[in-house]
2 protein chains.
Amino acid sequence: MNLNQGAVSSLTVTDETAETFDHEEMLGRVASTLRRADLAVLAAKEPPLRKVGVSGSLYAVLANLEVTPGLTGAELARVVGVTPQAITPLVVKLVERGLIERRTHPRHANIQELQLTDSGRRETARADRIMLHLDNHIRDSLGDEDYQRLRVLLDVVVKSMPSWVPPPDESS
Amino acid sequence: MNLNQGAVSSLTVTDETAETFDHEEMLGRVASTLRRADLAVLAAKEPPLRKVGVSGSLYAVLANLEVTPGLTGAELARVVGVTPQAITPLVVKLVERGLIERRTHPRHANIQELQLTDSGRRETARADRIMLHLDNHIRDSLGDEDYQRLRVLLDVVVKSMPSWVPPPDESS
DNA sequence: TGTGCCGTATCAAAGTCTTGATACTCTCGT
DNA sequence: ACGAGAGTATCAAGACTTTGATACGGCACA
């Protein structure tokens, strides 16, 4: 688990000096709430995933290979959101377990396409049953309509991030 | 950055064997989308935060101490979502920089209350200006109404996670 | 007034991810 | 056909976090 923000507390701040902003609002911002939500989901799904033998990272790799067979390590890294170097150990581990196969690309002697084995497909299905169950729980909590809405809103956030430019640091 | 799921790809899957589920849906589930959104925000905010001298982790600590002065290390750990052991190095670093102070609890010789120094408050304000700017960008992308809605929906997700019980693993 | 229990703090070791640097292969333009 | 450039894979080192284990201090109940 990675910390990075995420906060919640039911404390009523007394007051502060002049240059202080709205503390109540601070931790209620979307960026904070988003992080908390992700942490909560993360903490919930990790234990059951490990019970079927995969860490969250490994599941991410397997799930993406299930959807998009033939991905290379670098492609996988981008899709999953990490550096290419971080993928290698995961791939090695999965190959050792016989869940995925490395196959050299037909036209590129250098790069390797990755693919699930039959055994890997079975394991992935087991893990995905858990994830599906979790998602259904969320859907039940929100209701169908809000569930869909949440997906859409989150997608907007994802797409809007690249166009953000940080403010200049005016520490005058 | 921590990977753990997060996936997106615009590939139309040909087809598959029998026991296969809906791939298109798989990566569109809220748990996945949520993770992607968080990763996107994380990737966007990290560089500018480092530019003012704090990592995302350090900012999380500072922000929470700003809102709730006098937190102990363990409390901080819970609020922020990490283990108590992970807090210690962060606290040490911030103390060395003079941004926070450790003060032994009045009644517990063992535990230490943490508090921002004046200098720490200034630094936190600089970092928070960035976060506020980011959140405003998100608000602009969504519109005021959907921005508020997203906050509410995410809160529901956070509150609903603890009540989830993983499905039994029926690998029959 | 003990004694058991809970919460806090910290040391140590292991795991995972990142940044930095290097080598290799194909593609493209001249 | 050749050299530059882009993309991929991997080694090495450092940073950060987690799990495991240990020690200390207050609190509640017998």
Side-chain angles (χ1 to χ4, degrees), chain A residues 1-6 35 38-39 42-47 49-51 53-61 70-97 100-114, chain B residues 1-6 35 38-39 42-47 49-51 53-61 70-97 100-114:
Chain A
M1 190 180 300
N2 177 11
L3 51 88
N4 271 314
Q5 195 158 177
R35 182 105 197 94
D38 192 38
L39 283 174
L42 214 55
K45 79 181 181 187
E46 202 73 18
L49 277 182
R50 289 189 186 276
K51 226 165 265 178
V54 298
S55 70
S57 310
L58 293 180
Y59 173 72
V61 171
L71 283 176
T72 70
E75 288 171 334
L76 206 42
R78 275 192 299 275
V79 177
V80 147
V82 294
T83 60
Q85 294 91 328
I87 289 292
T88 306
L90 299 177
V91 168
V92 168
K93 199 172 298 183
L94 290 174
V95 168
E96 285 172 353
R97 289 201 204 162
I100 68 176
E101 274 180 341
R102 327 174 78 154
R103 189 169 302 185
T104 63
H105 187 104
R107 302 164 50 186
H108 298 256
N110 203 14
I111 77 182
Q112 305 157 350
E113 291 182 333
L114 304 173
Chain B
M1 187 181 302
N2 179 11
L3 51 88
N4 270 314
Q5 196 156 180
R35 183 103 196 93
D38 192 39
L39 283 174
L42 213 55
K45 79 181 182 187
E46 203 71 21
L49 277 183
R50 290 191 185 276
K51 224 165 269 178
V54 297
S55 69
S57 309
L58 293 179
Y59 173 72
V61 171
L71 283 175
T72 69
E75 288 171 334
L76 205 42
R78 274 192 299 276
V79 180
V80 147
V82 294
T83 61
Q85 294 92 329
I87 289 292
T88 306
L90 298 177
V91 168
V92 169
K93 198 172 300 183
L94 290 174
V95 169
E96 284 173 354
R97 289 200 205 163
I100 68 175
E101 274 179 339
R102 327 174 78 157
R103 188 168 304 184
T104 61
H105 187 106
R107 301 165 51 188
H108 299 254
N110 204 13
I111 77 183
Q112 304 158 350
E113 291 183 333
L114 303 173

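Naming convention: chains lettered A, B, ... in sequence-line order (proteins, then strands); numbering from 1 in each chain.
Protein atom CD1 of A:I87 is 15 Å distant from nucleotide atom P of D:dC11, rounded to whole Å. The distance between atom CZ of B:R103 and atom P of C:dA9, rounded to the nearest whole Å, is 16 Å.
Taking A:Q112 as the reference, A:R102 meet the side-chain contact (heavy atoms from CB on, under 4.5 Å) condition, with sequence neighbours excluded. Looking at residues two or more places apart in sequence or on another chain, you find no side-chain hydrogen bond (donor to acceptor under 3.5 Å, both in side chains) involving A:R97. Under the side-chain contact (heavy atoms from CB on, under 4.5 Å) criterion, B:E113 pairs with B:H105, B:P106, not counting sequence neighbours. The side-chain hydrogen bond (donor to acceptor under 3.5 Å, both in side chains) search around B:R78 returns none, not counting sequence neighbours. Listed by chain and residue number, A:E46 satisfy the salt bridge (charged side-chain N to carboxylate O under 4.0 Å, His left out) test with A:R50 (two or more places apart in sequence, or in another chain).
Of all nucleotides listed (D:dA9, C:dA9, D:dT10), C:dA9 comes nearest to the side chain of B:Q112.
Between its two ends, the helix from C:dT1-D:dA30 to C:dT30-D:dA1 turns its axis by 30°, counting five pairs per end and rounding to 10 degrees.
When the side-chain nitrogen and oxygen atoms of B:S57 are compared with OP1 and OP2 of D:dT17, one or more of them lie within a distance under 4.0 Å.
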Nucleotide N/O to protein N/O under 3.5 Å, stretch nucleotides 19-23 of chain D:
{"residue": "D:dG20", "atom": "O6", "partner": "B:Q85", "partner atom": "NE2", "Å": "2.8"}

Indicate every side-chain donor-acceptor pair of residues 80-88 of chain A with a distance under 3.5 Å to a residue at least two apart or in another chain.
none

